[in-house]
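We number each residue from 1, following the sequence as shown.
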Amino acid sequence: MKTDVNKIESREAQAAPVVKRDNSKIYFFVIAIAALLATNIYFYVKYKSSGEKLYTVTLQKENLQIEIDRIEAELDNIKSEGISSTAALVSAEQSARQKIEDLRKGLEKNEISGPQIEAAKLEVSQLKDQVSKMKDDFTALKIKNQLLAETNNELNEKVKENEAKTASLVNERNVLTDKIAKASSVKVSNVHIVGIEEKRNGSLENENRAKRIDKLQINFTIADNPLAAMGKKNVYVRIINPKGNLIANSEDLFLVHGEKLQYTFKEAIEFNNNGQEYQFMWSDDTHKFQKGAYTVLLYADDAIMGRSSVVFK
């Protein structure tokens, strides 16, 4: 029995070192697995955090891009209204568009960081305020232009109204002036025309046979006219021969109501407004008198005074 116990103890003593070696291997594997798990958890947390940051940055970039698009659309809308901008507004618009371009270039960079995003947010906020002020300035300018346009239209209407009144007054004045001119122009009360034969002894005799006539004698009296101006007056005479042709030189012209007319000859008279009788003598140096009717027209004060005719045999 004792021998058996000794054998058992001897076996246990031999087996003890084997159990010790197995425990150390287990501890090693446990530690290795724990380290691997810790490493995996570290990298998982790290990459998860980086992914969340990347997502956040991307979302912020998209939001900033949308906000920039809105601001640019607001600028385009302001410009499309076609308001004549002041120099200050044009400069503000150019500055805003330059900032938009710079922001777009910055957001296009993939390596943009969180602080850069925050700086971009601040710039966008400032840009929104700038465009908002521009919009207010454009609105104020638009209202001002509308008021100026309304005032201008009112002034134009008044100008047109005044021009119409002035034109009416000018027309009335012209009519009145014409009436006064006609009323103040002198008129003959009678005109008498005779053919004159000049004798060798110098005496003058009335003659109605064309071949014997040397001159035309024109006798006329001017009617009294209290509106007519007294003093010297030019009397223009137009003589038409039996063939209906005016006897005149092309360079001899005078005006009647603004129209140029040729005249045969002219004489100056002294008008005293006392019913005085006047006499003109005229001879045709280029042609002899012909059979038929001669018509004589007298003009003064830019108007016709009177007319008469005579028939020669």
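Here the side chains of Leu204 and Met281 are in contact, with some heavy-atom distance below 4.5 Å. When side chains are defined from C-beta on, Lys266 counts as touching Tyr236, because their heavy atoms get closer than 4.5 Å.
Contact between Ile304 and Leu298 at its shortest, heavy atoms only, is CG1-O, 3.4 Å. Pairing each heavy atom of Asp224 with each of Asn273, the nearest pair is CA-OD1, 3.3 Å. Nearest heavy atom pair, residue Ala229 against residue Phe271, reads O-CD2, 3.5 Å.
Using modelled atom types, one side-chain atom of Asn153 and one backbone atom of Ala149 make a donor-acceptor pair closer than 3.5 Å. Of the possible donor and acceptor atoms, one in the side chain of Ser189 sits under 3.5 Å from a partner among the backbone N and O of Thr221. Judged purely by atom type and a 3.5 angstrom limit, Thr166 uses its side chain to pair as donor or acceptor with the backbone of Asn162. Distance alone, capped at 3.5 Å, places no donor-acceptor pair between the Asn272 side chain and the Asn274 backbone. A donor-acceptor pair is defined here as one N or O able to donate and one able to accept, closer than 3.5 Å; no such pair exists between the side chain of Asn245 and the backbone of Asn241.
Note: Tyr299 and Tyr263 fail the aromatic proximity criterion, with ring centroids not under 6.0 Å apart.
Atom OG1 of Thr264 is separated from atom CG of Asn249 by 9.0 Å, given to the nearest 0.5 angstrom. Between the CD atom of Glu277 and the CD atom of Gln279 there is a distance of 7.5 Å, given to the nearest 0.5 Å.
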Residues Thr295, Arg307; criterion side-chain contact (heavy atoms from CB on, under 4.5 Å); working and verdict: CA-CA 7 Å; Thr295 300; Arg307 62 186 293 163; 3.7 Å; yes
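Applying the salt bridge (Lys or Arg N to Asp or Glu O under 4.0 Å) test to residues at least two apart or on different chains, none of the pairs has a partner in residues 235-252.
The environment of CD in Glu259 is sparse: at most 12 heavy-atom neighbours from other residues, nucleotides or ligands sit within 6.0 Å.
By the 4.0 Å N-to-carboxylate-O rule, Glu161 lies close enough to Lys165 to be salt-bridged with it.
Residues satisfying the side chain to side chain donor-acceptor pair (under 3.5 Å) criterion with Ser250, sequence neighbours excluded, are absent altogether.
In this model, a donor atom of one side chain and an acceptor atom of the other lie less than 3.5 Å apart for Gln217 and Asn219.
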